There are 2 protein chains.
Amino acid sequence: MSNISIYTDKLRESGLRPTRQRLKICEVLFSPEKTFHFTINDLTKIIENKLSEKISLATVYNTIHAFKNKGYLKEISINSDKSYFDTNVTEHHHFFDEDTNELIDCNNDDIDSVNIKKNITGKKIKSVEVLIKVASDNQNQN
Amino acid sequence: MSNISIYTDKLRESGLRPTRQRLKICEVLFSPEKTFHFTINDLTKIIENKLSEKISLATVYNTIHAFKNKGYLKEISINSDKSYFDTNVTEHHHFFDEDTNELIDCNNDDIDSVNIKKNITGKKIKSVEVLIKVASDNQNQN
DNA sequence: TCAACAGTTTAGAATTGTTTTAATGTAAAT
DNA sequence: ATTTACATTAAAACAATTCTAAACTGTTGA
């Protein structure tokens, strides 16, 4: 199952040359059947553990940002010290578990589509994100 | 127009003693007629400029977090290097202007209320936030 | 094929927002 | 008044992210 040409295309589409390091990143991001959420730290650890290859943080950031700008990754709006990304780039929303700091996809069956009646003059809507924060019942606010 | 007793109450409710510095913060946050959005940096600058008093960053953070935990301030979920807060603690949503990094209130007339049909087992919904990112038409993704 | 260029990788340094620390100061209870 | 617990402060620590500059590599075109 060589997806290398797919990865190469994605990289070129994102304005990046297909290098060994970047292909490794693609493998981690785009070969799993299920989409997933990750932080840069998560991703770096996965690469180091699974692929026993060390990649510079700067390379990871650079590649992830290019993919995000191209639309191959989505950044989730969440207030956190870290940035969260999603390999699922279709329109969908999220639960955020405050107990575990975990993001959970919200299926389209679980929520009605959001209907926005007005927009800011001269501006175009780039995205609509719904974040539902949840926590155990017996949990204080923060 | 002395709101000092109101401020004192808010501070005590938040588990904080009413000190000179904290009353100054209250004045900036709660005396304006209109609610507003701010970052810690914004707030610190307002205090220094308007009140010609210097307050330690640690005090600002400490006070803002206590107010947030008590529900006198809301933190907006937005992916940014900084945290954004809102003195409007009623249920409402936001536009975020990517060109200017500005938050704009979304009136309840502008958006239908979000209907969530399913929840995570054993968890309670703490908040539902909608963030509508906008930018000029002729603007690239990032 | 190979030289030359433009883009890439890397470790480490720099930057930025936030939190912690430890010494000093102050509100409030006794 | 005295005591105690909480506050303020500047500075240090910290963590995520970005930048830097030197070494390296893919690509292009002669």
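Since this is a predicted model, take the numbers as computed values, not measurements. Residue numbering restarts at 1 for every chain, and letters A, B, ... go by the order of the sequence lines. Hydrogens, waters and symmetry mates play no part in the numbers below; they use all other heavy atoms, side chains included.
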Give the rounded distance in Å between these two atoms: [atom1] of [X] and [atom2] of [N].
| X | N | atom1 | atom2 | result |
| --- | --- | --- | --- | --- |
| B:Asn62 | C:dT20 | CG | P | 11 Å |
| A:Lys68 | D:dT18 | NZ | C1' | 14 Å |
| A:Leu43 | D:dA16 | CG | P | 14 Å |
| A:Leu57 | C:dT8 | CG | P | 18 Å |
| B:Ile64 | C:dG17 | CD1 | P | 16 Å |
| B:Ile25 | D:dT8 | CD1 | C1' | 11 Å |
| B:Asp81 | C:dT19 | CG | C1' | 17 Å |
| A:Ile55 | C:dT8 | CD1 | P | 14 Å |

Does [X] place a side-chain N or O at less than 4.0 Å from the phosphate oxygens OP1/OP2 of [N]?
| X | N | result |
| --- | --- | --- |
| A:Gln21 | C:dT10 | yes |
| A:Lys54 | C:dT10 | no |
| B:Thr19 | D:dC6 | no |
| A:His65 | D:dT17 | no |
| A:Tyr61 | D:dT18 | no |
| B:Arg22 | D:dA7 | yes |

Does [X] reach a base, just sugar-phosphate, or nothing at all? Heavy atoms under 4.0 Å.
| X | value |
| --- | --- |
| A:Ser83 | sugar-phosphate |
| A:Thr59 | base |
| B:Arg12 | sugar-phosphate |

- request: Among D:dC6, C:dA6, D:dA10, find the nucleotide with the atom closest to the side chain of B:Arg17.
  value: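 Nearest listed nucleotide: D:dC6.
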- prompt: Which of these nucleotides, D:dT27, D:dA10, C:dA28, is closest to any side-chain atom of B:Ala58?
  reply: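 Looking only at heavy atoms from C-beta outward on B:Ala58, the closest nucleotide is D:dA10.
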- prompt: Among B:Asp109, B:Asp112, B:Asn107, which residue meets the side-chain hydrogen bond (donor to acceptor under 3.5 Å, both in side chains) test with A:Lys117?
  reply: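 Exactly one candidate clears the test, B:Asp112.
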message: Within the 3.5 Å criterion, strictly below it, is a donor on A:Asn62 or A:Thr59 matched to an acceptor on the partner's side chain?
response: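 No - no donor-acceptor pair under 3.5 Å links their side chains.
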- prompt: Among side-chain atoms of B:Lys74 and B:Thr87, is any donor-acceptor pair under 3.5 angstrom?
  reply: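 Their side chains do not contain a donor-acceptor pair, so the 3.5 Å distance test is not met.
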query: Is there a donor-acceptor pair under 3.5 Å between the side chain of A:Ser80 and the backbone N or O of A:Lys82?
result: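 Checking the backbone N and O of A:Lys82 against the side chain of A:Ser80, a donor-acceptor pair under 3.5 Å is found.
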Ionic contact status for A:Arg20 with A:Glu53, cut-off 4.0 Å: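 Salt bridge present between A:Glu53 and A:Arg20.
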message: If you assign B:Glu75 and B:Arg20 each to the DNA chain C nucleotide with the nearest heavy atom, which residue ends up on the more 5' nucleotide?
response: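 With B:Glu75 and B:Arg20 compared, the 5'-side residue is B:Glu75.
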